[in-house]
Amino acid sequence: MRAGIIGSGAYVPKKIISNFDLEKIVDTSNQWISERTGILYRRKADDNICSSDLGAEAAKIALKNANLNPEDIDLIIAASSSPDRIFPATACLIQNKIGAKNAAAFDIQAACTGFIYAVTTAAQYISTGLYKNILVVGCEVLSKITDFKDRNTCVLFGDGAGAVILSEVDYGGIITNILGADGSGSELLELPAGGTSEPASFDTVKERKHYIKMRGCEVFKFAVRVLEDCTRKIAEKANVSLKDIDYIIPHQANIRIIEAAIKRLEYPCERVVVNLNKYGNMSSASIPVALHEAYQTGKIKRGHKIILVGFGAGLTWGANLIEWTL
Ligand code: ACO
């Protein structure tokens, strides 16, 4: 049985933070941010909103587009780098918020590659016949774990959520997947404190260790390498030429990462979906939001072959090759 996407949804908070707004908070400039990253705007959730709230809104849109009721969902997999809490799983909170009372629910932690890992996992449950309708959500309120005193990171991230429903399909679907990880690079990108290695204390708060820390230059090089490698490998695995791929939807971290990888792949840049100018890096939500927008605006059509490809903390990376069903 082949799994395919039968509905998608996206939701971003209304509040927009521009580069000019950030100029007032840290020592940065619109010119630096736009030239070095491609980001112009990002969204910010209100103080009372958490990741499961955004995830639940995206999920409701995906359910409507799939013509399903919440009770039809058998499993929810949520990916988030900014979960509501360490436990319970954000997926359980989303389950309650949307009323998916027949669904099992768990989270996947693969940072910005989380959505790719979650889609890959969901596809296995459908192939084996264990579950029929699976909701996959990538949801982030990164603004609450971003250090707005650190110009190296605070200009990069934004809040948002994307969701898809996977079911058995008789046309198209998820053709193949690639996942990878290298834990030796775990310190390049991390949120150091609040877990069991450094529980929250006065010192961890004082040292601002509850915020994202990143060695940007090393992550940059890693990202360009794996975006290229992963895209090439998944096409080879599926025995498809890159010429026959209609769209690539990469993780939206930095336009220079995307452009460098796409150049190495000799792939036409007009067939790469980019929305990071509007939203910044929304971690696990970046790819599903870009996918939803590309479908809603008529770029992606039935029969198109699409590669979703991501990278993130862990280090992790992965790709899904999909023939679009809708
Ligand atoms: N405004 C102005 N200057 C800045 C800013 C800023 N916001 N941020 C850094 N700088 C300065 C630095 O301090 C440095 O100054 P110095 O030379 O005086 O020390 C200078 O700009 C150059 O810094 P670099 O780090 O070399 O800048 P670079 O061109 O590499 O861009 C960036 C930095 C944007 C962070 C880039 O390295 C990058 O995009 N890295 C990858 C990020 C990424 O993909 N992260 C997400 C991974 S996914 C996940 O799991 C969350």
Side-chain angles (χ1 to χ4, degrees), residues 17-42 51 79-83 108-118 138-160 179-183 185-192 211-228 230 249-262 274-277 279-290 308-319:
I17 307 286
S18 71
N19 293 346
F20 296 103
D21 295 324
L22 292 171
E23 282 182 356
K24 294 176 198 142
I25 303 174
V26 282
D27 179 16
T28 191
S29 65
N30 172 55
Q31 190 183 355
W32 192 95
I33 305 170
S34 52
E35 284 178 9
R36 304 305 289 164
T37 71
I39 299 165
L40 303 178
Y41 305 99
R42 67 287 290 143
S51 296
S80 184
S81 305
S82 49
I108 276 184
Q109 170 50 274
C112 301
T113 324
F115 183 76
I116 305 280
Y117 267 70
C139 51
E140 304 287 357
V141 178
L142 294 167
S143 59
K144 291 192 186 180
I145 57 163
T146 297
D147 186 350
F148 284 94
K149 290 191 168 171
D150 176 11
R151 70 175 183 176
N152 292 295
T153 52
C154 76
V155 302
L156 303 175
F157 300 106
D159 301 340
L179 299 177
D182 176 7
S186 62
E187 287 172 6
L188 296 182
L189 183 51
E190 60 173 355
L191 197 150
Y211 294 121
I212 299 169
K213 306 281 177 215
M214 182 175 65
R215 302 215 314 247
C217 195
E218 280 117 308
V219 176
F220 191 103
K221 287 182 208 149
F222 150 75
V224 173
R225 178 170 53 78
V226 293
L227 270 192
E228 183 198 359
C230 235
I249 306 184
H251 175 48
Q252 310 279 312
N254 185 326
I255 193 66
R256 291 189 296 128
I257 293 175
I258 296 174
E259 283 172 356
I262 292 302
V274 173
N275 67 2
L276 62 82
N277 51 321
Y279 303 126
N281 178 350
M282 297 185 290
S283 191
S284 68
S286 278
I287 290 175
V289 171
L308 313 182
V309 56
F311 59 88
L315 298 167
T316 55
W317 58 88

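As the structure lists them, so they are numbered: ligands from 1, and atoms in each ligand from 1.
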> Does C217 come within less than 4.0 Å of ligand 1, judged by its heavy atoms?
Replying inline: yes
Nearest non-hydrogen protein atom, [atom]:
| atom | result |
| --- | --- |
| atom 9 (C) of ligand 1 | N152 OD1, 3.1 Å |
| atom 40 (N) of ligand 1 | G216 O, 3.0 Å |
| atom 50 (O) of ligand 1 | C112 SG, 2.7 Å |
| atom 44 (O) of ligand 1 | A253 CB, 3.3 Å |
| atom 47 (C) of ligand 1 | L189 CD2, 3.4 Å |
| atom 7 (N) of ligand 1 | R151 O, 2.9 Å |
| atom 45 (N) of ligand 1 | M214 SD, 3.2 Å |
| atom 29 (O) of ligand 1 | R36 NH2, 2.6 Å |

Atom indices of ligand 1 within 4.0 angstrom of [X] heavy atoms, with elements:
| X | answer |
| --- | --- |
| V219 | 41 (C), 43 (C), 44 (O), 45 (N), 47 (C) |
| V155 | 7 (N) |
| H251 | 48 (S) |
| F311 | 44 (O), 47 (C), 48 (S) |
| A111 | 50 (O) |

Quick one: does [atom] have a protein heavy atom under 4.0 Å from it?
| atom | value |
| --- | --- |
| atom 1 (N) of ligand 1 | yes |
| atom 21 (O) of ligand 1 | yes |
| atom 42 (C) of ligand 1 | yes |
| atom 26 (O) of ligand 1 | no |
| atom 17 (O) of ligand 1 | no |
| atom 13 (O) of ligand 1 | yes |

For a quick test of reading the model, state the closest non-hydrogen atom pair linking [X] to [Y] and the distance between them.
| X | Y | value |
| --- | --- | --- |
| V26 | C154 | CG2-SG, 3.8 Å |
| C139 | S80 | O-OG, 2.6 Å |
| Y211 | P192 | O-CD, 3.5 Å |
| Q252 | A290 | NE2-CB, 4.5 Å |
| R36 | R256 | O-NE, 2.8 Å |
| G312 | C112 | CA-CB, 4.0 Å |

Is the shortest N/O to N/O distance between [X] and ligand 1 below 3.5 Å?
| X | value |
| --- | --- |
| A313 | yes |
| T37 | no |
| R256 | yes |
| I33 | no |

Answer with side chain, backbone, both or neither: which part of [X] has a heavy atom less than 4.0 angstrom from an atom of ligand 1?
| X | result |
| --- | --- |
| W32 | side chain |
| I257 | side chain |
| T113 | neither |
| N254 | side chain |
| N281 | side chain |
| T28 | both |

If you measure from [atom1] on [X] to [atom2] on [Y], what distance do you get to the nearest 0.5 Å?
| X | Y | atom1 | atom2 | result |
| --- | --- | --- | --- | --- |
| Y117 | T316 | OH | OG1 | 5.5 Å |
| I39 | N275 | CD1 | CG | 10.5 Å |
| L40 | I33 | CG | CD1 | 9.5 Å |

> Taking only residues two or more places apart in sequence, or in another chain, which ones meet V309 in a side-chain contact (heavy atoms from CB on, under 4.5 Å)?
Replying inline: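 Testing V309 for side-chain contact (heavy atoms from CB on, under 4.5 Å), a comparison that skips the adjacent residues, returns L227, C230, T231, I248, P250, I307, A319.
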> Is the number of heavy atoms from other residues, nucleotides or ligands within 6.0 Å of OH (Y41) greater than 12?
Replying inline: no
>> Is it the case that over 12 heavy atoms from other parts of the model lie below 6.0 angstrom from the CD atom of E218?
In response: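 Correct, the count exceeds 12.
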> Does one side chain, of R215 or N152, offer a donor that lies under 3.5 Å from an acceptor on the other?
Replying inline: no
>> Quick one, L276 with N281, criterion side-chain contact (heavy atoms from CB on, under 4.5 Å). Give me CA distance, side-chain angles, the key distance, then yes/no.
In response: CA-CA 6 Å; L276 62 82; N281 178 350; over 6 Å; no
> In a check of side chain to side chain contact (heavy atoms under 4.5 Å, CB included) between M214 and each of L189, D150, L188, L191, which one passes?
Replying inline: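 Result: among L189, D150, L188, L191, L189 is the only option passing the side chain to side chain contact (heavy atoms under 4.5 Å, CB included) with M214.
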>> Checking W32 against N19 for the side-chain contact (heavy atoms from CB on, under 4.5 Å) test, could you report, in this order, the C-alpha distance in whole Å, the side-chain angles of both residues, the deciding distance, and whether it holds?
In response: CA-CA 9 Å; W32 192 95; N19 293 346; over 6 Å; no
>> Applying side-chain contact (heavy atoms from CB on, under 4.5 Å) to T113 and H251, what does each step give before you reach the verdict?
In response: CA-CA 8 Å; T113 324; H251 175 48; over 6 Å; no
